[in-house]
Amino acid sequence: MENPYLAHRKESKENPYTGKSYTENYFKILEKREQLPVFQYKKDLLEALRNNQVTLLVGETGSGKTTQVPQFFVEELKPHLKNKMIVCTQPRRVAAMSVAKRVAEEMDVEFGREVGYTIRFDDFTTNNKTFLKYSTDGMLLREAMFDPLLTKYSCIILDETHERTCATDILMGLIKEIIPRRPDLRVLVMSATLDTERFLKYFEGSPLIKVPGRTFPVEILYSEKPELDYVDAAIRTVLQIHMKEDPGDILLFLTGEEEIEDVCRKLSFRGNEMVDYPILKPIPLYSSLPPNEQQRIFCDPPKPREPGKPPGRKVIVSTNIAETSLTIDGIVYVIDPGFCKQKIYNPRNRVESLQVTPISQASAEQRAGRAGRTRPGKCYRLYTKESYDTHLTKQTPPEMLRTNLTTVVLQLYRIGVANICKFHFMEPPAPETMMRALEILNYMGALDDEGDLTELGKMMSDFPVDPQLAKVLISSSKYKCVSQMLSIVSMLSIQNPFLRPADKKKEADRARQAFADVCGDHFLLLNVYDTYVKNQFDAKRWCRENFLNPRAMASAVRIREQLEKIMKRFKFEISELSPLQKEFQNNIQKSLISGFFMQVACTNKSTGKYEIIKENEKVDLHLSTCLQSKPTWVVFNEYIQTTTASIRTVTEISNYKWLLEIAPAYYDLDTLPAGAARDYFIKEKYENKPKAKKQKRHK
DNA sequence: GAGCACTGC
């Protein structure tokens, strides 16, 4: 039977999108495209698209769905003739970038014109020309804040929806609301083969098309009995594979940087002892590694010990980054101890924390799949089959259920969702988490007592940072330190820029201490930023000497530029205080309090320990703090729970009366629970200022 | 004495 696409190829050698003749490269790629599994389903897909507003596509890795399906839709919908666009979302920037480039090549058009991408800091699209756009899910969500009906698009394709990022979850709910109001809109929801029923139920009545993937079989091997120490078991398994199995690289999943570096050291030590076996080369992989070191995972395996002997073996020891974000070809053996670090939110004390938790079955399948990308492989699960069946959950809970919802709620308000509590989430968050978010936004002045979005709240939603940080920026104008707060907020928005190589911990700590400030860590961040900017002409060398991550610093500069633009759009003056002015320390502290009044701790007079206000949770200052003394009152950026509880990035509050001035509703004595803070305030009210008000109660 | 999974705007 003749493929309609081939027929098209025969009769026309002219590219309908550019008017130019197709290049040879086009036909070469076309042959390969036609062999992708998804190609067989083109007819079905287009038929579903014609007859339904929403279609579901389930496809495994290697099916070609991300690159091909948007092209099918372009042919069918002809957005270029109607001045509309097709958008395809991705949870990660790199994916949006690389797929867009690939598809432009496949379509034989100039990248950035007909086909392009939009991510936070880069927009490679052309007005009135681009008709197929790849975009991060967060970016499309931001567009929805300014254009809630997403009128630019005739077709929206949501990809990787099984990952259930917050942005994708909100977009799905939003699309359900938009659809009746946009009868012309076509939507395709693409996911891996997980939880298909949930999607079918959510998009009731939509057709489902299943596309097989193209991967190799992976043999699953379980432990016979539970392992007491998964790190130890992992090392043993690596060595056994190395001794007994055929050549082929190993991928080992662990939970964090320290664990990974530790295991790499042990593996290379043990490998060196095994002189009768080929060389064993451990390679660490986690996101904060510099790009050139991440590239090491793609290097060739080590040479044989002697000419003619078998080659060595790479062992990539990785966090979850290798589960979704990075694909490594040539992996034959996967070792899965069954754990990862996950963010967990506790609405009771409003604390987000990272905890080592068992992975889900879906995650275990994903990990195993990494062994079968180029040839048949094996996956060693360091837990029993019984444990897999009974202890592991089917799916990892979506991000929406593990996070603080203030940002989500503010975004929904901004988009204009009529009733947030009735918004149709695929998995609605706990009412308590929702109430917490509403309460926090009300304290911050983003919502009024009627529960409506205020002007301040609307303004806050324009900033691509957490609501607290947005609030801090806006109030900094009142305290005449906008410039300084822009720098501090940018530094708080990036990943930890302080490097601490295992063999140079002391030097690194010393370098950091050089930026210390008596007021605390927020001021230290300001010093780091300012000094970086002064040395930007020689940034790389300067960062190396000061143990700072140059990528993180560069991104702080870009974030600051973006935030400054938004401040200027609101006509805020970019005011600046001189460090010599006496208001300098006070006003920066006051700005911080305006957003972080809920993240304040004070020392308990009898124990000397810090307690978080209202929750009365006992905490220590994090080891990294530059504070030498223990100020009575502090404001902090993060609460971390590991073996101990600590607060990180901490600055002194010189005068606790500012709390009452800046956040009177939160510090209302009528509702403030008993605790160290209340004791201070009571003392203030009844002892220090006996005549300030008519005494309601006698002492 | 002991620290930061991964994304995204």
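Naming convention: chains lettered A, B, ... in sequence-line order (proteins, then strands); numbering from 1 in each chain.
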From CG of D122(A) across to C1' of dG8(B) the rounded distance in Å is 14 Å
Give me the ring orientation class for F636(A) and Y639(A): parallel if the planes are under 30° apart, tilted from 30 to 60°, perpendicular past 60°. tilted
Do Y286(A) and E293(A) get their side chains close enough for a donor-acceptor pair, meaning under 3.5 Å? no
Give a yes-or-no answer on whether the side chains of S476(A) and S591(A) include a donor-acceptor pair shorter than 3.5 Å. no
Nearest whole Å is fine: how far is dG8(B) C1' from M400(A) CE? 13 Å
Nearest-Å distance, CE (M139(A)) to P (dC9(B))? 7 Å
Distance-only donor-acceptor check, side chains S475(A) and S594(A), under 3.5 Å: yes
CD of Q90(A) versus P of dG8(B): gap in Å, rounded? 11 Å
Take atom NZ of K458(A) as the centre, draw a 6.0 Å sphere, and report whether it contains more than 12 heavy atoms from other residues, nucleotides or ligands. no
Would you say R560(A) and S490(A) are linked by a side-chain donor-acceptor pair, where the criterion is simply a distance under 3.5 Å? no
Return the value, rounded to whole Å, for the distance between atom CE of M145(A) and atom P of dC9(B). 13 Å
Taking CD1 from I559(A) and P from dG8(B), how many angstroms apart are they, rounded to a whole number? 12 Å
Mark up nucleotides 2-7 of chain B, 5' to 3', with B wherever a protein heavy atom is under 4.0 angstrom from a base atom, S wherever such an atom reaches only the sugar-phosphate, and - elsewhere. BBBBSS
Measure the distance from CD on Q562(A) to P on dG8(B) and round it to the nearest whole Å. 14 Å
Could you tell me how far apart E160(A) (CD) and dG8(B) (P) are, to the nearest whole angstrom? 13 Å
